[in-house]
Asker: 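Below is a structure I'd like to ask you about.
Below, chains carry the letters A, B, ... as their sequence lines are ordered, and counting in each starts from 1.
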There are 2 protein chains.
Amino acid sequence: MSNLPERLRERGWRLTAQRRVVAEVLTGDHVHLTADEVHTRAARQLPEIGRATVYNVLNDLVALGEIREVSTDDRAKRYDPNAHHPHHHLICTGCGTIRDVHPTADPATTLTPPERLGFTITTTEITFRGLCPTCRPLRPQPSPSGV
Amino acid sequence: MSNLPERLRERGWRLTAQRRVVAEVLTGDHVHLTADEVHTRAARQLPEIGRATVYNVLNDLVALGEIREVSTDDRAKRYDPNAHHPHHHLICTGCGTIRDVHPTADPATTLTPPERLGFTITTTEITFRGLCPTCRPLRPQPSPSGV
DNA sequence: AACAGTATTTAGACCAAATCCAAACCAAGA
DNA sequence: TCTTGGTTTGGATTTGGTCTAAATACTGTT
């Protein structure tokens, strides 16, 4: 697996400054930025970059399969750079934090053939929701009568 | 488990014509309408119903736990009336059809404690994607060289 | 039946996220 | 250098959804 810029060039993608900066911003684990956040960060390195460009590049990268859209409860889509290392998401219902998880058990098998209704399944996407360590109350709730 | 109108009345919900119509539209299996679709269908029975009302009712029903939001790739949220019978979704990447599935194997257990990163998990949501029987090509693709 | 008080509905203004568009720009090959 | 087509851009536009203030419809009380 070559690195991102190379892979893209091989597919006839011109590596412009804008595209490089967006790709750079979208690097790392547990990175799930909105288009707006990507734009803000990209603009720190390349102040002239336009919003439309960011949207264009993000959509191109999604189409090329290099990044993935993850839909949370927010209105804005988020982008996950880790498209080549399949994983799932753990979302904190308190603060909205999203973390990547790589379950050891493969969940693709949870659906038996008869349950598949004739579908040919290609991807399985799991979203776990709950409270992260920071948002979870450290002790049991005060007392049920204390309301 | 009583039926919807009764359950709602028990919780002090006034069952108005608008609310009844929205609830009626949202009935059945494999029903996953957008707010706009709900409005269109509701208006067939009750032409005066307003957009804002539909949004109000939908949000109320979600808050009451009677229906669930499902996020697809579309921009618009969809609403699933089957909140009391936990299930997952099968989405066709060809035509966008969404079908309910009830895997016999519960995948909520796929995450071992160390994998949970300290989260307290409350819900697990799985989205299977692939081609439905209608969209799947009946025979193998023409030939790789035919591009 | 009339009333008061509260819920509910409504149109339309408003907002945020994303897309569209046409003009400007730029990079690479002839 | 010139040309060509991919790329970028600001601004207008679309879309999905929320908010607000006024009108309307219930409910319980007398």
Asker: Backbone N or O of G118(A) within a donor-acceptor pair of the R136(B) side chain at under 3.5 Å?
Answerer: yes

Asker: L46(B) CG to dT10(C) C1': how many Å, rounded?
Answerer: 12 Å

Asker: Collect all protein-nucleotide pairs involving nucleotides 19-21 of chain C in which both atoms are nitrogen or oxygen and the distance is under 3.5 Å.
Answerer:
unit_1	atom_1	unit_2	atom_2	d
dT19(C)	OP2	N59(A)	ND2	3.2

Asker: Write down the distance between CD (E69(A)) and P (dA17(C)), rounded to a whole number of angstrom.
Answerer: 15 Å

Asker: Please report the distance, rounded to the nearest Å, between CD in E37(A) and C1' in dA18(C).
Answerer: 15 Å

Asker: If you find the nucleotide of DNA chain C closest to A17(B) and the one closest to A35(A), which residue's nucleotide is nearer the 5' end?
Answerer: A17(B)

Asker: Tell me: CZ of R78(B) to C1' of dG16(D), nearest whole Å?
Answerer: 13 Å

Asker: Could you tell me whether the side chains of H87(B) and D80(B) share a donor-acceptor contact shorter than 3.5 Å?
Answerer: yes

Asker: Given the rule in the side-chain hydrogen bond (donor to acceptor under 3.5 Å, both in side chains) test, do D100(B) and H32(B) qualify, once you have shown the distances and angles that lead to the verdict?
Answerer: CA-CA 9 Å; D100(B) 296 344; H32(B) 312 93; 2.7 Å; yes

Asker: Could you state the interatomic distance from OG1 (T93(A)) to CZ (R129(A)), rounded to the nearest 0.5 Å?
Answerer: 8.5 Å

Asker: Please report, rounded to the nearest Å, how far the P atom of dA7(C) is from the CG atom of L64(B).
Answerer: 15 Å

Asker: Check the distance between dT7(D)'s C1' and I49(A)'s CD1 and give it to me in whole angstrom.
Answerer: 12 Å

Asker: It should be established whether T16(A) places a side-chain nitrogen or oxygen under 4.0 Å from OP1 or OP2 of nucleotide dT8(D).
Answerer: yes

Asker: Under 4.0 Å from OP1 or OP2 of dT9(D): is there any side-chain N or O of Q18(A) that close?
Answerer: yes

Asker: Examine the side chains of N82(A) and H30(A) and answer whether a donor and an acceptor come within less than 3.5 Å of each other.
Answerer: no

Asker: Less than 6.0 Å separating the ring centroids of H102(A) and H88(A)?
Answerer: no

Asker: Could you run down the sub-3.5 Å N/O contacts of the protein with nucleotides 26-28 of chain D?
Answerer:
none

Asker: Let me know the distance between CD of E48(B) and P of dA11(C), rounded to the nearest Å.
Answerer: 9 Å

Asker: How many Å lie between CG on L58(B) and P on dT18(D), as a whole number?
Answerer: 9 Å

Asker: Are T112(B) and E115(B) linked by a side-chain donor-acceptor pair shorter than 3.5 Å?
Answerer: yes

Asker: Regarding E125(A) and H89(A), do their side chains bring together a donor and an acceptor under 3.5 Å, going by distance alone?
Answerer: no

Asker: Side chain of R116(B), backbone of L111(B): donor and acceptor closer than 3.5 Å?
Answerer: yes

Asker: Below 4.0 angstrom from OP1 or OP2 of dT9(D), is there any side-chain N or O of T53(A)?
Answerer: yes

